[in-house]
A.B. asks: 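The structure is given below, and queries will be raised subsequently.
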Amino acid sequence: MVDLVVRSRRAVVDGQERPAAVSVTGGRIDKVSAYEATIDAPEQIDLGDTALLPGLVDTHVHVNEPGRTEWEGFATATRAAAAGGVTTIIDMPLNSLPPTVNVDALRIKQAAAAGQIHVDVGFWGGAIPGNAPALPALHDAGVFGFKAFLADSGVPEFPPVSAAELAVAMEAVDALFVVHAEDPDHLRGAPSSAAYSDFLASRPASAEHAAIAKAIDAARATGRRVHILHLSAAGALPLISQAKADGVRVTAETCPHYLTLDAAHIPDGATEFKCCPPIRDAANADALWRALADGLITCVVSDHSPCTPELKRRDTGDFAAAWGGIASVQLGLPVIWTAARERGHGLADVVEWMARRPAELAGLAGKGRIAPGADADLVAFDPGAAFEVDPRRLHHRNPVTPYAGKVLQGVVRTTWLRGRRVTGDEARGRFLAREG
């Protein structure tokens, strides 16, 4: 017996928009039929011209619980994710206390999250100096791979690794390594200043270029997979392209803020725009868009990294002292759709970047697509509706955002997790573990 049928004239299936009827049985997609097909089910929903997308997969989210739950938490982060059409997140190993650098820490984090997640949640492990012996057991416990920083992470309990230490960690376990690629030798101490230009000058593009080269060298030497996180500096793209041509297993992601915001238009004191690596200029963003269209950049993910307003230094506007992170898990889909449609891209492109390819990166075969056998994680998305971003309507714990007041295109009307509507009243998310 089919439980649910959702119809749309604009369903994104197999990389294209088309009319379709999606049948759901037991939380999974049973069949994708013609829009007009007669299907017996107790619940029938016809979205008309409202688009039907697969639930987005965000592989780069900092939930921060336990230990820094005043910054963010599983209940608020996953509620925000669902409101933004994201049905799967993978949590970063910091800035929780303890960080997820061994099996015991993973169990502590899972215990903290239990019973309060509104979407499905997986976990990254962390690679820090000296913990390489712990990585195989942590991988066996189900983490999707290991995050490493090549520069200061901002929190003392998650120190950076050197290029040599990264290679040691890679040798210890056959896993995906996701790398924050900035080289400390190229970073300059930012002066106490409310001028964004001073902060930007302290983190030049050369820092990304040098660190990406080191991450690629480690992957080349060990044969492991490496994924470059939150690529900001487009000038590093030729390094990635050449490495791929040489057979190195390297991929890269970018984030909505690098694709849509412009350093030239960031007001002085507007610390809600601070992130590391930094937002660069419009020409740089154009190059990132080209790489995304060409498939050299594979994913667009949030790097959702909120904190308290006090840590953002909103009172002083001091970029040097402010925490670096953009909170956007709820807004990524409309932010990207607003910009993508202006550049001639369609909804199928957005689904490729924000659902299918992130799921593929993590090895989640049942996520990120509308296809028989996949989880019935679905999103009713009205691509023609516009709204103004009101921080009071955001669900993450501290609603600070650089998108406040911006008019965006595209509204999430309904999110389904395994065929059931996510309302925010009942936490029905599940823990995900690495497959295989």
Side-chain angles (χ1 to χ4, degrees), residues 53-66 68-69 71-96 99-100 106 109-110 112-126 142-147 176 178 227 229-230 253-257 299-306 325-333 335-336 351 353-369 374-375 377-379 394-397 412 415-418 422 424 427-435:
L53 315 180
L56 305 189
V57 177
D58 192 338
T59 54
H60 197 149
V61 177
H62 294 266
V63 179
N64 306 337
E65 186 176 9
R68 292 188 173 95
T69 311
W71 295 19
E72 184 63 289
F74 282 100
T76 48
T78 57
R79 191 178 290 116
V86 178
T87 52
T88 300
I89 67 168
I90 303 185
D91 171 65
M92 284 294 170
L94 72 164
N95 304 299
S96 55
T100 314
L106 173 64
K109 180 172 281 191
Q110 289 172 327
Q116 57 171 337
I117 55 175
H118 296 273
V119 302
D120 287 351
V121 176
F123 301 92
W124 295 108
V143 298
F144 285 83
F146 298 95
K147 181 174 188 177
L176 171 62
V178 299
H227 180 72
L229 297 170
H230 45 48
E253 69 186 33
T254 194
C255 304
H257 37 283
C299 307
V300 179
V301 293
S302 68
D303 190 10
H304 178 76
S305 186
I326 304 285
S328 66
V329 71
Q330 185 173 339
L331 296 172
L333 176 55
V335 166
I336 290 298
V351 165
W353 304 328
M354 303 187 77
R356 193 190 72 79
R357 284 181 175 173
E360 184 180 76
L361 173 75
L364 289 169
K367 299 292 188 181
R369 59 198 179 98
D375 287 349
D377 299 346
L378 302 169
V379 179
L394 299 177
H395 293 285
H396 62 270
R397 188 175 300 279
V412 173
T415 300
W416 292 268
L417 181 67
R418 289 185 302 280
V422 182
R428 291 183 288 99
R430 298 176 183 174
F431 293 143
L432 302 173
R434 178 179 52 83
E435 299 173 3

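Everything quoted here is computed from the prediction, not taken from an experiment.
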A.B. asks: Taking the side chain as C-beta and beyond, is there a heavy-atom pair between Asp120 and Leu417 under 4.5 Å?
C.D. replies: yes
A.B. asks: Does some side-chain heavy atom of His60 sit less than 4.5 Å from a side-chain heavy atom of Ile90?
C.D. replies: no
A.B. asks: Going from CG on Leu94 to OG1 on Thr100, what distance comes out if it is rounded to the nearest 0.5 angstrom?
C.D. replies: 8.5 Å
A.B. asks: Does some side-chain heavy atom of Thr69 sit less than 4.5 Å from a side-chain heavy atom of Arg397?
C.D. replies: yes
A.B. asks: Between Pro93 and Gly125, what is the shortest heavy-atom contact and its length?
C.D. replies: CG-O, 3.4 Å
A.B. asks: Measure the spacing between SG of Cys255 and CG of Asp58 and express it to the nearest 0.5 Å.
C.D. replies: 8.5 Å
A.B. asks: To the nearest 0.5 Å, what is the distance between NE2 (His396) and CZ (Arg79)?
C.D. replies: 13.0 Å
A.B. asks: Around Arg430, counting heavy atoms of other residues, nucleotides and ligands shown, do more than 12 lie under 6.0 Å from its CZ?
C.D. replies: no
A.B. asks: Spell out, as yes or no, whether a donor-acceptor pair under 3.5 Å connects the side chain of Arg356 to the backbone of Pro54.
C.D. replies: no
A.B. asks: Is there a side-chain contact between Glu72 and Val61 in this structure, where contact means two heavy atoms from C-beta onward sitting under 4.5 Å apart?
C.D. replies: no
A.B. asks: Which heavy-atom pair separates Gly332 from Pro256 by the least distance, and what is that distance?
C.D. replies: CA-CG, 4.2 Å
A.B. asks: With no hydrogens and no angle check, is any side-chain donor or acceptor of Asp91 less than 3.5 Å from a backbone partner on Val63?
C.D. replies: yes
A.B. asks: Are any side-chain N or O atoms of Thr415 and backbone N or O atoms of Val422, one a donor and one an acceptor, separated by less than 3.5 Å?
C.D. replies: no
A.B. asks: Do Glu253 and His227 pass the side chain to side chain donor-acceptor pair (under 3.5 Å) test, and can you show the C-alpha distance, the side-chain angles, and the key distance before you say yes or no?
C.D. replies: CA-CA 8 Å; Glu253 69 186 33; His227 180 72; 2.9 Å; yes
A.B. asks: Just how far is it from atom OG1 of Thr254 to atom NE2 of His230, taken to the nearest 0.5 Å?
C.D. replies: 10.0 Å
A.B. asks: Side-chain contact, heavy-atom cut-off 4.5 Å: Phe144 with Leu432?
C.D. replies: yes
A.B. asks: Kindly give the heavy-atom pair with the smallest separation between Ile89 and Ala81, and that separation in Å.
C.D. replies: CG2-CB, 4.1 Å
A.B. asks: Which is it for Met354 and Val57 under the side-chain contact (heavy atoms from CB on, under 4.5 Å) test, yes or no, and what are the steps along the way?
C.D. replies: CA-CA 6 Å; Met354 303 187 77; Val57 177; over 6 Å; no
A.B. asks: Could you tell me the separation between the CG atom of Leu176 and the CH2 atom of Trp124, rounded to the nearest 0.5 Å?
C.D. replies: 4.5 Å
A.B. asks: Indicate yes or no for a side-chain donor-acceptor contact from Gln330 to the backbone of His395 under 3.5 Å, with no hydrogens or angles considered.
C.D. replies: yes
A.B. asks: Over all heavy atoms of both residues, which pair between Val329 and Ala80 is shortest? Give the atoms and the distance, please.
C.D. replies: CG1-CB, 3.8 Å
A.B. asks: What are the two closest non-hydrogen atoms of Leu333 and Gly84, and how far apart are they?
C.D. replies: CB-O, 3.8 Å
A.B. asks: Does the Arg68 side chain pair with the main chain of Asn95, one donor and one acceptor, at a distance under 3.5 Å?
C.D. replies: yes
A.B. asks: Would the distance check show the side chain of Thr78 and the main-chain N or O of His118 forming a donor-acceptor pair, the cut-off being under 3.5 Å?
C.D. replies: yes
A.B. asks: Would you call the rings of Phe74 and Phe123 parallel, tilted or perpendicular, taking 30° and 60° as the class edges?
C.D. replies: perpendicular
A.B. asks: Do the side chain of Trp416 and the main chain of Gly55 share a donor and acceptor less than 3.5 angstrom apart?
C.D. replies: no
A.B. asks: Are Thr87 and Asp375 side-chain neighbours, meaning at least one heavy-atom pair lies under 4.5 Å?
C.D. replies: no
A.B. asks: List the atom of Gly115, the atom of Ala427, and the distance in Å for their closest heavy-atom pair.
C.D. replies: O-CB, 3.6 Å
A.B. asks: Do Leu229 and Met92 have side chains that approach each other closer than 4.5 Å (heavy atoms only, starting at C-beta)?
C.D. replies: yes
A.B. asks: Mind running side-chain contact (heavy atoms from CB on, under 4.5 Å) on Leu56 and Val379 for me, showing each step along the way?
C.D. replies: CA-CA 8 Å; Leu56 305 189; Val379 179; 5.6 Å; no
A.B. asks: Side chains of His62 and Asp303, heavy atoms from C-beta outward: is any pair under 4.5 Å?
C.D. replies: yes
